[in-house]
There are 4 protein chains.
Amino acid sequence: MAYALPMPNEPDPARRNLRAQRAILDAARALTSEVGYGALTIKAIAARAGVGKQTIYRWWPSKGAVLFDALLAESTDAEGGPNLPDTGDLPTDLRTVLRAVVAELADPHADRLNRAVTAEIQDDEALAGELVRRLLRPQMDATAARLRSARAVGQITEDADVEIAVELLFGPAYHRWLLRTGPLDAAYADRIVASALAGLTPR
Amino acid sequence: MAYALPMPNEPDPARRNLRAQRAILDAARALTSEVGYGALTIKAIAARAGVGKQTIYRWWPSKGAVLFDALLAESTDAEGGPNLPDTGDLPTDLRTVLRAVVAELADPHADRLNRAVTAEIQDDEALAGELVRRLLRPQMDATAARLRSARAVGQITEDADVEIAVELLFGPAYHRWLLRTGPLDAAYADRIVASALAGLTPR
Amino acid sequence: MAYALPMPNEPDPARRNLRAQRAILDAARALTSEVGYGALTIKAIAARAGVGKQTIYRWWPSKGAVLFDALLAESTDAEGGPNLPDTGDLPTDLRTVLRAVVAELADPHADRLNRAVTAEIQDDEALAGELVRRLLRPQMDATAARLRSARAVGQITEDADVEIAVELLFGPAYHRWLLRTGPLDAAYADRIVASALAGLTPR
Amino acid sequence: MAYALPMPNEPDPARRNLRAQRAILDAARALTSEVGYGALTIKAIAARAGVGKQTIYRWWPSKGAVLFDALLAESTDAEGGPNLPDTGDLPTDLRTVLRAVVAELADPHADRLNRAVTAEIQDDEALAGELVRRLLRPQMDATAARLRSARAVGQITEDADVEIAVELLFGPAYHRWLLRTGPLDAAYADRIVASALAGLTPR
DNA sequence: GGCTAAGCGAGACGGTACGTCTTGTCTTTAG
DNA sequence: CTAAAGACAAGACGTACCGTCTCGCTTAGCC
């Protein structure tokens, strides 16, 4: 017979203190951008949030998960979803997307948080998957969809490799950000779009 | 005028024990691929290498620097430099390069080391610069040079944006590796080359 | 006005774990008598006590302070205070005291702990003061009081130098123990008392 | 057949560098009185002496042995041996001895070295024996001899316990020094002599 | 007068304890 | 009766020193 285990006390999400949750994510975000990923500690987050450490451990499995949620909260605030503009003009629409991506990566306020999460996902595959699923995938899928709609109306060639095209757009920006190999500005976004589109446009 | 600093005892590189140095880099590489970046400790590297911790701290300023040197040693062993093939056929040459890049990223043996260094450079800008200067930049420059030589003989269009073209080639592969968004194989490398070249080829 | 200091987090004695405290003192005592003062380490004490090192550093400023408390705990257990017997017969009473002192110094179980603390107080004046105040002074004062009461009833001469008399009693025993210059037994205690009293006794 | 072992290279005392030896003892003495026993390191002694660490390890088995030799060198310089005065007047002679002992213990220059050696001999019985044999024993024996010569001429009682009498003289001074329980001056020395002699003097 | 063996200054080495820091769990206490 | 505050066990951090070793350089004494 199965019986009620004296369980490691799964906390009851219904009783979660939203004020504390928000304070924790805010503190995590603020501290990350102040001291950087390497010097970030759970203790400091708890202290800044005016919260006991246990309250963090109760709801998140790791420091990376807190950072991820902090990043997610910010992104969710900013966007409402992966709404891609469709003005009918593909180059313009892609420039809009790429400029937004590049601007986000160039934002000094968010930079350290982005890098902290990037560091964490190198060692936490589950977190990496979650990040892709929640933030990256929707954006890439929306971009792919926009490319397919453009292909349907003949704005790009029939045999265009849409999957690769999306990576041709996003890959360079992330590469440059990751390795700090050059400036991240609107002009750069436009050059990516121009070069990536060159091979797609019917002659 | 430069003057003799009352320095905190810079160690004398001439007296460096090469056996120990090699053992440290080997241990760092092996341990990283065994336990991953998060669980990697200087203490464990020293123990595995049969070396005192101080011998590591004497020659490297941080764990990241050790990992970087371990990565560098491996790359230096493998290649002799950024020799890019020049068969005269640009697509073939680029496929060779991209396939090598993708293979390196897909190599499970090196994966954790690559990710560990990637995590470290998020928090250590100097290390990031060194990595780019020593490993990435030469490869990118060589690729750019190959593209310019192709442009000179008319294999790609006169107005091709070489700098962006290089990022169009490398960016997608790193993006896919960083975020684990898809398989990294020769076919993938070929697709990148095909799509990136499409816009460069004269019609 | 006294004000709340932004203190480096003085720990709260009310929350102290008594089990841990006791385990630490026991481990310190046991290890000292096993390996001696020179080979004694905080790390080993913590390990033996099943305690984190920080729990030692939280409550004691130095290894010497731990040893001192270990010694104190033992002494406090043994005695209830500096109760000196007063049978009315001074030589008998002093023999009782000196025999106890000599027996304590001769006890092989306590020897290494005594020597460890003796070594520590050579380099830590504050600790030396504490040791004297808590352990030596009471005993010496009690002995002086007993001598004065004997003087009051004419058992020793009017002009007896009580302060020196006390040192004449204790000094030789400690000297012999410190320098291991001879046996420490009851007969030795009796010889000290006899010689020291000879000059005090009225003729 | 016995043959010359490739021995752990006993060093050849004939080739010993006296300048280095002296510099080491001087440095040990100076550093001890500057930084105290706890902060004294072989490394620092070597550096101060302008000597390699190995030169110390070649000639002394331990830090304690170096300190002991430093102490010995100083004492040997000062005295030529345990010459006790014999003016014919015992109290005067003993006052001379005790005043010298007390002055040595009170000397702030030598204090830390004395305490360092005292700390070392708590953990090194062989060193303790050597100290007693070379420095303490001669002085005590000379004092005992003086007391016996006094006894022979009837200046002290026939049944005087000479061995204890010596400890009655030296014990209090060392006790007071060891535990810092009071001032060490000539008046104190005189009080010891007066009290100790009181019981020895024929009535 | 040259050879050679040893002592020497210097300092890198393998170890290990130091005292501090952070982690994740457990306990106390104040609201 | 909850959650902050924080003590706890554990163990890595980066530093310091230990005692050994390996370098060249100097020096002494035997050929």
Mark yes or no for a side-chain to base donor-acceptor pair under 3.5 Å between [X] and [N], with no hydrogen or angle criteria applied.
| X | N | result |
| --- | --- | --- |
| Arg15(C) | dT29(E) | no |
| Lys53(A) | dG24(E) | yes |
| Gln54(B) | dC13(E) | no |

Length of the [atom1]-[atom2] vector between [X] and [N], whole Å:
| X | N | atom1 | atom2 | answer |
| --- | --- | --- | --- | --- |
| Leu18(C) | dT28(E) | CG | C1' | 13 Å |
| Glu10(D) | dG7(E) | CD | C1' | 15 Å |
| Leu31(A) | dT22(E) | CG | C1' | 15 Å |
| Ile56(D) | dC8(E) | CD1 | C1' | 13 Å |
| Ile24(B) | dA12(E) | CD1 | P | 14 Å |
| Leu40(D) | dC18(F) | CG | P | 8 Å |
| Ile45(D) | dC8(E) | CD1 | P | 16 Å |
| Asn17(C) | dG6(F) | CG | C1' | 13 Å |

Find out whether Leu72(C) and Arg134(C) are in side-chain contact, i.e. whether some heavy atom of one side chain is under 4.5 Å from a heavy atom of the other.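 The answer is yes; the side chains approach within 4.5 Å.
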Roughly how far apart are Ile121(A) CD1 and Gln122(B) CD, rounded to 0.5 Å?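 These two atoms lie 9.0 Å from each other.
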Does [X] have a side-chain nitrogen or oxygen under 4.0 Å from the phosphate oxygens OP1 or OP2 of [N]?
| X | N | value |
| --- | --- | --- |
| Lys43(A) | dT22(E) | no |
| Trp60(B) | dG14(F) | no |
| Arg16(C) | dA7(F) | no |
| Thr55(C) | dA9(F) | yes |
| Trp59(C) | dC8(F) | yes |

Report the residue from Asp69(B), Asn17(B), Ile42(B), Val51(B) that forms a side chain to side chain contact (heavy atoms under 4.5 Å, CB included) with Ile24(B).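 With Ile24(B) as partner, Asp69(B), Asn17(B), Ile42(B), Val51(B) yield a single side chain to side chain contact (heavy atoms under 4.5 Å, CB included), made by Val51(B).
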Do Arg112(C) side-chain atoms and Glu34(C) backbone N/O form a donor-acceptor pair below 3.5 Å?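 At least one qualifying donor-acceptor pair exists.
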For Asp12(C) and Ala39(A), take the nucleotide of DNA chain E holding the closest heavy atom to each; which residue's nucleotide lies nearer the 5' end?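 It is Ala39(A), whose closest nucleotide lies nearer the 5' terminus.
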Here's a test of your reading of the structure: between Arg58(D) and Thr41(A), which maps to the more 5' nucleotide of DNA chain E?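 Looking at DNA chain E, the more 5' nearest nucleotide goes with Arg58(D).
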Need to verify one output field. Residue with the more 5' nearest nucleotide on DNA chain F, Gly50(C) or Ile42(B)?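 On the 5' side of the pair lies Gly50(C).
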Between Tyr37(D) and Lys63(D), is there a cation-pi geometry (under 6.0 Å to ring centre, at most 45° from the normal)?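 Yes, a cation-pi geometry holds between Lys63(D) and Tyr37(D).
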If you only use heavy atoms from C-beta on, which nucleotide in dC8(F), dT23(E), dG19(E) is closest to the side chain of Tyr57(C)?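 Of all the options, the side chain of Tyr57(C) is nearest to dG19(E).
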